[in-house]
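Reviewing the structure listed below.
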Amino acid sequence: MTTRDTEAVKELLASPKKIAITTHRNPDGDAMGSSLGLYHYLIKKGHYPTVIVPNDFPDFLSWLPATEKVMVFENETGPATKILEEADIIFTLDYNALSRTGDKMQQALQQQEGKTFIMIDHHQAPDNYAQYMFSDTAYGSTCEMIYNFIDSMSEKNLIDTTMATCLYTGIVTDSGSFRYPSTTGTTHRIAAEFIDLGIDNSAIHSLLYDNHSHNRIQILARALQNMQVIPANKTSYTYMSHEELTGFGNSKGDTEGIVNYGLSMKDIVFTAFFTENKDEGIIKISFRSKGDFDVNQYAREHFNGGGHKNAAGGKSADTLEATIKKFIATLAHTKID
Ligand code: 5GP
Ligand code: MN
């Protein structure tokens with residue numbers, strides 16, 4: 001945002017407003033952490049915010065403060081649409097195009113055209129729907145951007161352990177626990193500030209990563225068994241069929257993070273994880289890479305998706321087998337090094 005934008009947003013937030021805070025479909029740690037971090041900040045400033053997520057968030061994030069107040073658009077379409085209609089301001093966090101909220105919520109958001117939209121996001125190639133855009137791919141997480149946003153409002157002093165807990169969560173999950181190249185000295189300095197403020201950082205890591213169900217471990221075991229390696233292309237991939245997933249009694253979030261195992265092998269720089277979702281009639285694909293291979297570009301070109309250079313997603317309307325076949329075929333004319 002330009003200085004002029006910052007001043008305009010400051011002015012907007014100077015008096016109590018009805019505010020909707022929205023995230024992308026299948027909200028992750030960064031989407032939930034940033035929206036709830038912003039929610040607590042806006043409450044503290046005397047506003048009337050509501051967080052609306054397109055569909056349910058995973059169980060492993062349900063401990064975040066105020067998740068019980070979050071509206072799930074898919075389950076409460078009428079009341080959530082009313083909140084959007086009545087809002088003075090709509091924040092769109094951790095996504096770069098309204099289509100990322102799914103068909104139904106996208107429609108409801110498009111109907112609010114003319115309203116003040118504020119985008120805070122770190123994905124590439126953002127659409128141009130927001131009046132105020134704080135979009136920067138240099139940031140490792142939207143949570144880090146929310147910290148900056150609050151700082152730009154000259155209100156860092158308002159950040160308390162509740163907000164910091166939410167924001168720390170997204171910083172940790174989107175940086176792979178401070179591992180990915182987007183992690184900077186500033187990322188660590190912000191985390192340090194939050195720890196000095198009194199958040200229980202060790203407990204947050206445990207809540208996020210040592211909190212799996214037995215089912216999830218069985219799903220992980222099957223995904224590891226299914227793993228295939230294509231050494232000539234420095235590529236690996238794995239998959240889960242609908243039957244495998246439901247056979248283990250999966251719940252939301254159970255497949256989260258599994259894609260990263262494909263990159264944990266020596267000399268592998270590109271990996272994909274295919275999950276069959278018969279309810280939605282699609283194959284959801286997660287892509288990850290190490291180094292220069294740009295999976296955002298790859299996902300856009302071949303699988304109707306996008307994301308970041310080293311972490312992207314996509315989808316396919318083909319069968320699981322046909323999708324994997326197509327994936328293998330693309331490798332022949334994809335330069336991976
Ligand atoms: P994941 O594999 O964890 O679902 O997604 C990795 C990254 O890619 C996330 O930042 C996510 O927002 C982005 N992403 C996932 N699926 C899609 C998609 O279909 N389109 C776009 N543009 N981005 C996606
Ligand atoms: Mn993010």
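One-based numbering, in listed order, for ligands and for the atoms of each.
Less than 2.8 Å away from the Mn ion (ligand 2), the protein contributes these N/O/S atoms: Asp30 OD2, Asp94 OD1, His122 NE2, Asp174 OD2.
Checked by distance only, ligand 1 and Phe287 stay at 3.5 Å or farther apart across all their nitrogen or oxygen atoms. Considering backbone and side-chain N/O of Ser286, one or more are found under 3.5 Å from N/O of ligand 1. Where the criterion is an N or O separation shorter than 3.5 Å, residue side chain and backbone included, His123 meets it with respect to ligand 1.
Residues passing the ring-ring contact (aromatic ring centres under 6.0 Å, His included) test with Phe134 are Tyr139, sequence neighbours excluded.
Numbered from 1 in the order shown, with element, the atoms of ligand 1 that lie under 4.0 Å from a heavy atom of Gly305 read 18 (C), 19 (O), 20 (N), 21 (C), 22 (N). Near Lys284, the atoms of ligand 1 lying under 4.0 angstrom from a non-hydrogen atom of the residue are 4 (O), 16 (N).
Taking the six-membered ring for Trp and the full ring otherwise, Tyr298 and Phe270 have centroids separated by under 6.0 Å. Taking the six-membered ring for Trp and the full ring otherwise, Phe117 and Phe91 have centroids separated by 6.0 Å or more. Side-chain rings of Tyr237 and Phe327 approach one another, their centers coming within less than 6.0 Å.
Shortest contact from atom 19 (O) of ligand 1 to any protein heavy atom: Lys315 NZ, 2.9 Å. Nearest protein heavy-atom contact of atom 11 (C) of ligand 1 is Arg100 NH2, 3.4 Å. Here the heavy atom of the protein found nearest to atom 7 (C) of ligand 1 is Ala311 O, 3.6 Å. The protein atom (non-hydrogen) at minimum distance from atom 24 (C) of ligand 1 is Gly306 O, 3.1 Å. With hydrogens left out, the protein atom closest to atom 16 (N) of ligand 1 is Gly313 CA, 3.3 Å, a heavy atom.
For the residue pair His122 and Asp174, a side-chain donor N or O sits within less than 3.5 Å of a side-chain acceptor on the partner. Between the side chains of His47 and Tyr39, no donor-acceptor pair is found at a separation under 3.5 Å. Side-chain contact check for Tyr147 and Glu193: at least one donor-acceptor pair (N or O, by modelled atom type) lies under 3.5 Å. Residues Gln228 and Tyr239 bring no donor and acceptor atom of their side chains to less than 3.5 Å of each other.
Ring pair His24/His123 is perpendicular by interplanar angle, where above 60° counts as perpendicular and below 30° as parallel.
The pair Asp292-Lys309 meets the salt-bridge criterion, since a charged nitrogen lies less than 4.0 angstrom from a carboxylate oxygen. Note on Lys44 versus Glu155: no salt bridge recorded, every NZ/NE/NH1/NH2 to OD/OE distance being 4.0 Å or above. Electrostatic pairing of Glu7 and Lys10 counts as a salt bridge here, judged by a charged N lying under 4.0 Å from a carboxylate O.
Considering only non-hydrogen atoms, atom 3 (O) of ligand 1 lies nearest to Arg288 out of Arg288, Glu256, Arg25.
Contacts of His308 with ligand 1, taken as heavy-atom pairs under 4.0 Å, involve the side chain alone.
Not a single heavy atom of Arg300 lies less than 4.0 angstrom from ligand 1.
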